[in-house]
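The block underneath contains the structure these notes are about, expressed in structure tokens.
Heavy atoms only: backbone and side chains are in, while hydrogens, waters and symmetry mates are out.
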Amino acid sequence: MKTHGKQWGNDLFISIALLLLATIIAHIFFYQSEHSSGNVPIIYVLATFLISRYTKGYWWGVVSSFLSVLLINWRFTYPYFRVNFLIDGYPMTFIGILVIAIITNMTTSSLNAEKEEAVKREKELEKLNEYNQQINELTIEKEKEKMRSNLLRAISHDLRTPLTGMIGASATYLEAKDYLDEKAKDQLILGIQEDAHWLLNMVENLLSVTRIQNDGSGEEAHVKKTPEPLEEVVAEAMQRFHKRYPESVVNVKIPDEFVMVPMDPTLIEQVIMNLLENAWVHSGEKAPVDFYIRQEEKNVVFYVRDYGKGIESERMDHLFDGCAGSKDHESRKGMGIGLSICKTIVLAHKGEIHAKNHEDGAEFSFSLPIENDLEEKKVCQN
């Protein structure tokens, strides 16, 4: 009610002020043109138009139209200071002025109503957009929480299995060392060493995640990329892999031409290491692994192909979620978080990662976009 009363008061003030201003201006024109009232109706029509424009509803403009006609007849039409619509020629003139004023008022009021409706729809649309944004943020947070849960579950699984093996092997060694021959002791120590290497690899994977950052909105991960020679990154990854698995056999093929790829080399080396290790350790065969790279349009695509048992269909959809560990629960080390971290790193590089089976095993691939930042800078400089 207070808002309505305030609006009514404002409209009344605007109407009186504009009619008063129109009357003052009309008097100025009336006396300057020696009591000619030819321009007076135009002044009052303009005042009525402004009243319709800056007030709410039809009535202010309609009332101002009637008042304008009365003022013109009473003050600016001979005989002055008398209301007389029966003077020859004046009835049609005043009726025309009244009709024009009312039509102008209704048109202006209609435009105001449409404007208010448009503003109302815009506000409703803004609220709807805010609501959709809140839903999206909740969905994103839900997905993040799901990823965190999967990651923690995978970490707990991959930590528990090798640690259990190390504890068991060390306990056996300490309790039964007087009864074990040297070969059995070496096997226990070798098992502890293998599990320790696996834990070291997991730590490297977890540390690699700390190099991935979030942007200002907190919704998208990214990495600091610099143009790196493809051949050098592959060579470094292969050197690290062969050092960890000296008996491994990997057939490597890279493009003949010199290729510079924007990337974080440490992270991409970790992705290559994880995929090669997955192919060599978890394929179920010790057949040579094919590792080849192709330049396809605006991307460089890395392929790792093994010739083993392939990937079970029920695990394919969740392979990169961090919870698609080894199907054999007696295995000490499953795929665990390795593939999940691969996906995180590749997506942070604006690339894609995929997995599929072929007729003789499994194939993993990931792509990195080639950005021609250096070429664009050269063009701008030239």
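Within the 4.5 Å cutoff, the side chain of M316 has heavy atoms near those of the N357 side chain. Residues I370 and Q295 have side chains in contact (heavy-atom distance under 4.5 Å, counting atoms from C-beta outward). By the 4.5 Å heavy-atom criterion applied to side chains, L21 and I25 are counted as neighbours. Contact annotation: the side chain of Q270 approaches that of R240 to within less than 4.5 Å [non-hydrogen atoms, C-beta and beyond]. By the 4.5 Å heavy-atom criterion applied to side chains, D264 and I345 are not counted as neighbours. Residues P229 and M260 have side chains in contact (heavy-atom distance under 4.5 Å, counting atoms from C-beta outward). Taking 4.5 Å as the limit, every side-chain heavy atom of T55 sits out of range of all side-chain heavy atoms of L12. Residues E232 and E236 form no side-chain contact, since every pair of their non-hydrogen atoms from C-beta on lies 4.5 Å or further apart.
When each of K123, E116, E124 is tested with K120 by the rule side-chain contact (heavy atoms from CB on, under 4.5 Å), just one qualifies, namely E124. With respect to C342, the side-chain contact (heavy atoms from CB on, under 4.5 Å) criterion is satisfied by exactly one of N278, I268, V271: V271. Shown are N274, L319, L276; of these, the side-chain contact (heavy atoms from CB on, under 4.5 Å) with F364 is made only by L319.
The structure places CD of Q187 at 13.5 Å from OH of Y173, a figure rounded to the nearest 0.5 Å. Here the CG atom belonging to L368 is positioned 6.0 Å from the NE2 atom belonging to H349, to the nearest 0.5 angstrom. Rounding to the nearest 0.5 angstrom, the gap separating the CH2 atom in W60 from the CD1 atom in I16 is 7.5 Å. To the nearest 0.5 Å, atom CZ of residue F366 and atom NE2 of residue H354 are 12.0 Å apart. Atom OG1 of T23 is separated from atom CD1 of I28 by 11.0 Å, given to the nearest 0.5 angstrom. Once rounded to the nearest 0.5 Å, the distance linking NZ of K224 with CG of L267 reads 13.0 Å.
Considering every non-hydrogen atom in both S248 and H242, the closest pair reads OG-ND1, 3.1 Å. Residues G351 and L347 come closest through the heavy atom pair O-CD2, 3.5 Å. What you find for V261 and P369 is that their closest heavy atoms are CG1-O, 4.5 Å. Pairing each heavy atom of V233 with each of P265, the nearest pair is CG2-CB, 4.1 Å. For the pair P41 and I72, the tightest heavy-atom approach, listed with the atom from each and the gap, is CA-CD1, 3.7 Å. For the pair W280 and A287, the tightest heavy-atom approach, listed with the atom from each and the gap, is CZ3-O, 3.6 Å.
Of the possible donor and acceptor atoms, one in the side chain of S367 sits under 3.5 Å from a partner among the backbone N and O of E352. Between the side chain of H358 and the main chain of D306, a donor-acceptor pair closer than 3.5 Å is present.
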Checking side chain to side chain contact (heavy atoms under 4.5 Å, CB included) for the pair L163/L199: CA distance, chi angles, key distance, verdict? CA-CA 8 Å; L163 284 174; L199 291 174; 3.7 Å; yes
Under the criterion side chain to side chain contact (heavy atoms under 4.5 Å, CB included), I'd like the reasoning laid out for E194 against L190: C-alpha separation, chi angles, the key distance, then a yes or no. CA-CA 6 Å; E194 288 179 353; L190 181 61; 4.0 Å; yes
Let me see the working for N129 and Q133 under side chain to side chain donor-acceptor pair (under 3.5 Å), right down to the final yes or no. CA-CA 6 Å; N129 290 336; Q133 185 176 359; over 6 Å; no
Between S68 and V45, does a side chain to side chain contact (heavy atoms under 4.5 Å, CB included) hold up when you go through it step by step? CA-CA 8 Å; S68 297; V45 169; over 6 Å; no
What do the steps show when you test F30 against I43 for side chain to side chain contact (heavy atoms under 4.5 Å, CB included), and what is the final call? CA-CA 11 Å; F30 184 69; I43 296 172; over 6 Å; no
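The local environment of NZ in K356 is sparse, with at most 12 non-hydrogen atoms from other residues, nucleotides or ligands closer than 6.0 Å. Residue E117 qualifies as enclosed at atom CD: its count of foreign heavy atoms under 6.0 Å is above 12. Heavy atoms of other residues, nucleotides or ligands lying less than 6.0 angstrom from OH of Y131 number 12 at most. Within a 6.0 Å sphere centred on NZ of K286, other residues, nucleotides and ligands contribute more than 12 heavy atoms.
A chain of hydrophobic side-chain contacts below 4.5 Å, direct or via other Ile, Leu, Val, Met, Phe, Trp or Tyr residues, connects V252 to I293. In terms of hydrophobic clustering, with Ile, Leu, Val, Met, Phe, Trp and Tyr side chains grouped at heavy-atom distances under 4.5 Å, F13 and L50 are assigned to different clusters. V281 and Y307 fall into different hydrophobic clusters, where Ile, Leu, Val, Met, Phe, Trp and Tyr side chains are chained together by heavy-atom contacts under 4.5 Å. There is a path of hydrophobic side-chain contacts, each under 4.5 Å, that joins L275 to V223. The hydrophobic cluster containing Y80 also contains Y44, counting ILVMFWY residues as joined when their side-chain heavy atoms lie under 4.5 angstrom apart, directly or transitively.
A centroid separation of 6.0 Å or more is found between the aromatic rings of F241 and F291.
The side-chain tip of R305 does not point at the ring of Y292 from less than 6.0 angstrom away and within 45° of straight on.
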